[in-house]
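Let me begin by presenting the structure, written as structure tokens, before commenting on it.
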Amino acid sequence: MSVISMVDVELAGKRVLIREDLNVPVADGKVSSDARIRAALPTIRAALAANAAVMLVSHLGRPTEGQPEEKYSLQPVADRLTELLEIDVALVSNWIDGVDISPGSVVLLENVRFLAGEKACDEALSRKMAALCDVFVMDAFGTAHRAQASTYGIAEYAPIACAGPLLVAELAALAKALTNPAKPIVAIVGGSKVSTKLTVLDALADIVDSLIVGGGIANTFIAAAGYGVGNSLYEADMLDIARGLAEKKEGRADIPLPSDVIVADEFSADSEARHKPVEAVSADELILDIGPDTAAQFAKILAGAGTIIWNGPVGVFEFDQFGDGTRVIAEAIANSDAFSVAGGGDTLAAIDKYGVADRISYISTGGGAFLEFVEGKKLPAVEMLERRAAG
Ligand code: ADP
Ligand code: MG
């Protein structure tokens, strides 16, 4: 089934509401990695060039619904958009009952997760959002796996619902990457929690040849193998599941365990990094990165890959002393001849930090959606666009 594409819709003089994924890292009131904002620019420029009255909607972080909080405000994003687009992008705080805007201009609507009912895809809220526009454009691939008011409900009730150029491009590129992938296929799944990436790990274990785990996820596998992980981030209730995944079975991916790690006494920007064999972590230490031997071993696996799928940093790369594992992985992917796809908010930040963006075959703006696509799942927001296209 296909979707209506924004480029085929008449936008002149129309009120166009675009669901973007502008969920970017913010530090000290400033956007610290603007990759997702830059990815959204061509769509916004196209709508403005068509003389549409443009409203941008996005979430940022995980605020408690119905409780607006300064630290989750999109103001830093509005500031960055103003710089990048070189036109004033005002932030509209109270928008659900109506937005005052004229053709050829653009506003950013405040964090959609401040509205009660967004996540539950409340029908009344969805209808109110839909009433704001003539055309709804879904361009947030990164949220397409969630059936929420601003990704799914609004598409059901808007007069016209279509896919933006970024969404169209992402769906096409990923489909291309994952149809008949060159072997061996290596996936790297890092980040903080097994629980949030469990179905992905399970599905990838069936698809890929080697499944490299890192970060808090690796800590859970290390604990599952019987080693102490001290005060590390890990999930005690996921140990059996990790054991099941790690079990060697015919047709299932090999999951190599880190042999050495980088530990510290506390989770902080200035804590001292120490190198240890994986079996020597003491009760009061935290594992914050994979060690150099492990990184070199993983790099070797990546060098031999035909296809690489990357989501999740393998350490706390935000702190330089715990970033070497992620840097070595990023460079190994960049140096490999494999077709490589990467996705995830923090993964994008790591790609930026280590300057490898132009040597990765395709960088998806999505995290969870990227992974669900990789798993072969249908994305609900895309299904809704297909339904609307079918009439
Ligand atoms: P992505 O956004 O790319 O999907 P995640 O959000 O799952 O990635 O995870 C990224 C976060 O995981 C980073 O903020 C990083 O600091 C954290 N992380 C990585 N390794 C560890 C670790 N060993 N202990 C605690 N946090 C970790
Ligand atoms: Mg993240």
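All ligand and atom numbering here is 1-based and tracks the order in the structure. For the single chain, residues carry numbers from 1 onward in sequence order. Everything numeric in this text was worked out from a predicted model, so none of it was measured.
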The Mg ion (ligand 2): protein N, O or S atoms [distance under 2.8 Å]: Asp346 OD2
Side chain to side chain contact (heavy atoms under 4.5 Å, CB included) partner of Leu11, chosen from Val16, Ile160, Asn51: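 Answer to the side chain to side chain contact (heavy atoms under 4.5 Å, CB included) test with Leu11 among Val16, Ile160, Asn51: Val16.
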Phe339 ring center near Tyr362 ring center (under 6.0 Å): no
Check this for me: does any side-chain nitrogen of one of [X] and [Y] sit under 4.0 Å from a carboxylate oxygen of the other?
X      : Y      : answer
Glu285 : Lys276 : yes
Lys30  : Asp79  : no
Glu123 : Arg127 : yes
Glu386 : Lys378 : yes
Arg15  : Asp134 : no
Arg252 : Glu247 : no

Measure the distance from [atom] to every protein heavy atom, then report the residue, atom name and distance (to 0.1 Å) of the closest one.
atom                    : result
atom 3 (O) of ligand 1  : Thr347 OG1, 2.5 Å
atom 27 (C) of ligand 1 : Val316 CG2, 3.5 Å
atom 25 (C) of ligand 1 : Leu233 CD2, 3.6 Å
atom 9 (O) of ligand 1  : Gly191 CA, 3.1 Å
atom 20 (N) of ligand 1 : Gly215 CA, 3.1 Å
atom 7 (O) of ligand 1  : Lys197 NZ, 2.8 Å
atom 23 (N) of ligand 1 : Ile287 O, 3.0 Å
atom 19 (C) of ligand 1 : Gly315 O, 3.2 Å

Candidate pair Phe136 and Tyr157, rule ring pair (Phe, Tyr, Trp, His ring centres under 6.0 Å), full reasoning: CA-CA 9 Å; Phe136 169 65; Tyr157 305 116; over 10 Å; no
Thr143 vs Gln148, side-chain hydrogen bond (donor to acceptor under 3.5 Å, both in side chains): CA-CA, chis, key distance, verdict: CA-CA 9 Å; Thr143 68; Gln148 302 184 338; over 6 Å; no
Per-atom contacts of ligand 1 with Gly216, taking only distances under 4.0 Å to non-hydrogen atoms: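 Near Gly216, meaning under 4.0 Å from one of its heavy atoms, ligand 1 has 20 (N), 21 (C), 22 (C), 23 (N).
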SG-CZ distance between Cys121 and Arg146, expressed to the nearest 0.5 angstrom: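 Cys121 SG to Arg146 CZ: 13.0 Å, rounded to 0.5 Å.
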From Asp346, Val200, Val314 - option closest to atom 6 (O) of ligand 1 by heavy atom: Asp346
Within-cut-off N or O pair, Phe267 and ligand 1, under 3.5 Å: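 So ligand 1 has no N or O lying under 3.5 Å from an N or O of Phe267.
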Contact (N/O only, under 3.5 Å) between Glu318 and ligand 1: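 The answer is yes, given that Glu318 and ligand 1 share an N or O pair closer than 3.5 Å.
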Nearest protein heavy atom under 4.0 Å from atom 17 (C) of ligand 1, yes or no: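 No, because not a single protein heavy atom sits under 4.0 Å from atom 17 (C) of ligand 1.
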Lys128 vs Asp97, salt bridge (charged side-chain N to carboxylate O under 4.0 Å, His left out): CA-CA, chis, key distance, verdict: CA-CA 7 Å; Lys128 273 185 143 181; Asp97 293 313; 2.9 Å; yes
Location of contacts on Asn311 toward ligand 1, heavy atoms closer than 4.0 Å: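 The side chain, only.
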Region of Asn219 that comes within reach of ligand 1 [heavy atoms, distance under 4.0 Å]: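 For Asn219, the contact with ligand 1 is made by the side chain alone.
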Test item: Phe317 and Phe322 side chains (from C-beta on) under 4.5 Å apart, heavy atoms: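 Counting from C-beta outward, Phe317 and Phe322 never come under 4.5 Å.
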